[in-house]
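Excluded from the calculations below are hydrogen atoms, water molecules and symmetry mates; all remaining heavy atoms, backbone and side chain alike, are included. Atoms within each ligand, like the ligands themselves, are counted from 1 in listed order.
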Amino acid sequence: MGYKDVYAAWKADPEAFWMEAAQAIDWDKKPSRALNDTNAPLYEWFTDGMVNTCWNAVDRHVEAGRGDQTAIIHDSPITHTKHEITYAELRDRVASLAGALRAKGVEKGDRVIIYMPMVPEALEAMLACARIGAVHSVVFGGFAANELAVRIDDAKPKAIIAASCGLEPGRVVHYKPLLDGAIDLAAHKPDFCVIFQREQEVAQLIEGRDYDWHAVQYGVEPADCLPVEGDHPLYILYTSGTTGQPKGVVRPNGGHLVALNWTMKNIYDVNPGEVFWAASDVGWVVGHSYICYAPLITGNITIVFEGKPVGTPDAGTFWRVIEEHDVKSLFTAPTAFRAIKREDPKGELLKKYDLSGLRSLFLAGERADPDTIEWAQDHLGVPVIDHWWQTETGFAIAANPLGIEPLPVKIGSPSVAMPGYDVQILDEGGHPMAANELGAIAVKLPLPPGTLPTLWNAEERFKSSYLQHFPGYYETGDAGYIDEDGYLYIMARTDDVINVAGHRLSTGAMEEVLAAHPDVAECAVIGATDTLKGQLPLGFLCTNSGTEKPADEIIKECVSLMREKIGPVAAFKHAVVVDRLPKTRSGKILRGTMVKIADSEKYKMPATIDDPAILDEIKDALKTIGYAS
Ligand code: COA
Ligand code: AMP
């Protein structure tokens with residue numbers, strides 16, 4: 001069957017399609033049906049099935065005789081170490097950690113925050129939670145203590161599992177002080193913490209609260225896999241919305257297993273035993289789905305890579321990893337390739353390696369610009385597949401399904417809707433638009449298995465953020481169009497979310513940080529185009545009248561404040577002080593126009609602008625920091 005037939009088969013009978021896909025999963029009790037729509041427009045999948053994600057990702061492969069196969073390859077050019085863990089070893093390590101968590105009182109449904117760098121122990125911690133039905137919430141290491149505290153207060157974890165440190169090129173990230181700071185800041189306190197001591201930095205443990213990773217496992221009975229209901233949450237992953245309060249995307253066990261398992265063959269076209277490498281971070285959804293869960297569920301070999309595309313030690317690192325570990329499919333963000341291309345435009349370093357085993361490159365997380373795609377195509381000589389998805393969906397909404405049928409690539413498009421997604425372009429009034437017309441991208445409800453059923457402790461926010469604007473649809477927050485062949489084009493976000501090096505960040509959250517500076521009366525943050533990172537945040541500050549502090553000093557303080565409150569990942573380095581912000585007569589800040597000015601693009605004078613002269617002031621200020629040329 002080709003793509004069109006598979007998509008049509010899903011559309012004709014979604015229930016049969018997903019029940020068939022569910023057969024590839026080991027259920028402790030098979031579900032009697034796939035969709036549960038009794039609470040529509042909130043939907044669940046495989047509600048009455050009983051299942052364990054860790055069993056499906058680990059134990060079942062050992063039972064099937066693949067215990068000696070490598071499950072995880074850790075490759076860390078930063079520490080100059082590499083090691084492999086087999087499925088049998090992984091099972092034992094995870095069962096032991098899960099046993100330790102249980103012995104300390106972690107039970108089904110309890111939350112556990114994981115704050116770890118790119119080490120296999122991060123995956124082991126996730127799987128250990130899954131094993132006993134605990135709900136993990138991984139927090140990206142590039143976030144500051146304050147962001148971690150916000151997540152602690154929302155998820156209310158019984159335990160936190162952290163590493164002593166992370167390693168960025170040339171710098172040790174001191175996780176433990178960040179963790180201690182976050183626990184101090186948070187109103188909720190975890191019962192205990194488990195600390196994985198790395199040799200690069202051994203952290204001081206707080207007696208009675210912190211336990212060493214190894215010591216806590218000493219003498220405990222390993223835990224078996226606990227079957228949970230299909231809709232029982234596997235994890236919560238926080239992502240940026242329009243405000244400083246992140247959204248806790250909930251991922252249930254059953255649908256996630258079924259959907260991810262389906263994608264590995266049908267989209268990525270990899271077979272059990274082959275190496276699949278997602279060069280991302282476990283703190284992001286790509287890391288959850290394609291470093292940890294999907295490759296393990298299907299019995300692949302996954303790579304945990306602790307390094308950067310450039311500088312660790314050079315722009316040939318990716319090629320070395322591909323050759324050395326015989327990677328069949330690589331998944332990363334376009335930024336990584338832009339970084340490599342900038343350092344090695346002619347691809348000289350590529351020539352040193354044998355990449356003949358590589359079959360495909362998948363890109364996601366941000367817009368893939370044609371130059372980058374073409375460069376990758378020319379130099380790698382494999383299909384370069386852009387695909388589009390979100391933390392909320394957990395797997396691709398649109399892709400080129402290589403395992404079903406490689407479709408012609410149209411550069412600039414992440415190709416076509418995947419089964420499960422009826423993607424439509426809607427106008428402001430919610431009416432479907434014609435081919436090639438730009439509008440809001442929405443997905444007809446219900447969303448497929450594996451996608452979010454709700455937001456953690458925030459059902460009303462879930463409804464108002466995603467379901468309210470277009471009744472009967474899920475609003476993606478992206479705008480774009482579909483061409484006459486059904487290919488989708490993602491053009492922009494419709495909200496205040498920006499994308500910095502494939503990292504999703506909220507300008508609203510950044511504005512909250514700037515507004516807290518005592519000398520700032522009003523502020524705005526926009527995402528300006530950046531040739532490397534896609535977008536970079538730019539701040540506009542109006543200071544309080546009578547402030548004596550020089551503008552430069554206020555800007556410097558704001559830059560450090562952002563690093564302290566949100567973290568280095570915000571990459572907030574530039575701001576300007578202006579007298580006023582451009583606004584509509586009703587007081588709305590004209591951020592879209594400011595972006596156009598910063599990007600030196602033509603813009604139309606907004607009809608509702610309060611005072612057009614302000615735009616010239618904005619332009620002049622931006623020129624001082626190299627924008628608006
Ligand atoms: N822990 C602590 N700090 C982190 C971190 C982590 N896990 N990840 C990033 N940071 C820090 C970096 O050290 C940097 O700090 P600095 O301001 O002190 O230099 C800052 O956050 C910004 O990091 P990053 O966006 O990674 O920029 P960079 O300049 O260090 O590297 C690229 C640029 C393009 C090489 C890098 O962004 C990259 O590899 N991108 C790939 C994209 C990706 O994996 N996206 C995930 C979604 S698929
Ligand atoms: P995240 O939830 O961090 O994965 O970010 C999701 C957002 O990233 C989407 O809503 C898009 O705005 C953007 N995005 C992800 N993949 C793509 C893609 N292939 N092309 C364009 N934008 C993308």
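Using a non-hydrogen distance threshold of 4.0 Å, G477 does not register as a contact of ligand 2. The closest approach between G283 and ligand 1 stays at or above 4.0 Å for every heavy atom of the residue. The shortest separation from a heavy atom of E366 to ligand 1 is not under 4.0 Å, leaving the residue out of contact. Residue P309 places a heavy atom less than 4.0 Å from ligand 1. At least one heavy atom of F140 sits less than 4.0 Å from an atom of ligand 1.
Using the six-membered ring where Trp is involved, Y293 and Y235 have ring planes that are parallel, under 30° apart on the 30 and 60° scheme. Relative ring orientation between Y7 and Y3 is described as tilted, the plane-to-plane angle lying within the 30° to 60° band. Ring geometry for Y466 against F462 counts as tilted: the plane angle lies between 30° and 60°, on a 0 to 90° scale.
In terms of polar-atom proximity, defined here as any N/O pair under 3.5 Å, T476 makes no such contact with ligand 2. An N or O contact shorter than 3.5 Å is missing between V285 and ligand 2 by distance. Between E392 and ligand 2, no pair of N/O atoms sits closer than 3.5 Å. Note: no N/O pair closer than 3.5 Å links W284 and ligand 1 by distance alone.
Checked options Y290, F362, F395, Y421; the residue passing with H387 is F362 (criterion: ring-ring contact (aromatic ring centres under 6.0 Å, His included)).
Counting heavy atoms of neighbouring residues, nucleotides and ligands inside a 6.0 Å radius, atom NZ of K596 does not exceed 12 of them.
We find the NZ-CG distance between K247 and L237 to be 12.5 Å, quoted to the nearest 0.5 Å.
Taking a cutoff of 4.0 Å between a charged side-chain nitrogen and a carboxylate oxygen, D180 and K176 qualify as a salt bridge. A salt bridge between E343 and K308 is absent, with no side-chain N of the basic residue lying under 4.0 Å from a carboxylate O of the acidic one.
No part of M118 comes within 4.0 Å of ligand 1, judged by heavy-atom distances. Residue R338 does not touch ligand 1, judged by heavy-atom distances below 4.0 Å. Residue contacts with ligand 2, taken as heavy atom pairs separated by less than 4.0 Å, involve N499 solely via side-chain atoms from C-beta onward.
Within the listing of ligand 1, atoms 44 (O) sit less than 4.0 angstrom from a heavy atom of A279. Remark: ligand 2 atoms within the under-4.0 Å shell around heavy atoms of R367 are 20 (N), 21 (C), 22 (N). Counting atoms of ligand 2 from 1 in the listed order, those under 4.0 Å from a heavy atom of H387 are 16 (N), 18 (C), 19 (N). Set against the non-hydrogen atoms of G502, the atoms of ligand 1 under 4.0 Å away are 47 (C). Close approach of ligand 2 to T391 is summarised as follows: ligand atoms under 4.0 Å from at least one heavy atom of the residue are 1 (P), 2 (O), 3 (O), 4 (O).
The nearest protein heavy atom to atom 5 (C) of ligand 1 is closer than 4.0 Å. Note that atom 19 (O) of ligand 1 has no protein non-hydrogen atoms nearby, at separations under 4.0 angstrom.
Taking atom 22 (C) of ligand 1 as the reference point, the nearest protein heavy-atom neighbour is P568 O, 3.7 Å. Here the heavy atom of the protein found nearest to atom 16 (N) of ligand 2 is G365 N, 3.1 Å. Protein heavy atom in closest approach to atom 17 (O) of ligand 1: R563 NH1, 3.1 Å.
With a 4.5 Å cut-off on side-chain heavy atoms, I411 and Q377 count as touching. At a threshold of 4.5 Å between non-hydrogen side-chain atoms, the residues P453 and V250 count as touching. Counting heavy atoms from C-beta outward, Y489 and N436 have side chains that stay 4.5 Å or more apart. You'll find the side chain of I195 reaches within 4.5 Å of the side chain of L179, heavy atoms only.
When the heavy atoms of A336, G142, A144, A501 are ranked by distance to atom 43 (C) of ligand 1, first place goes to A501.
Remark: aromatic rings of W277 and F318 are close, center separation under 6.0 Å.
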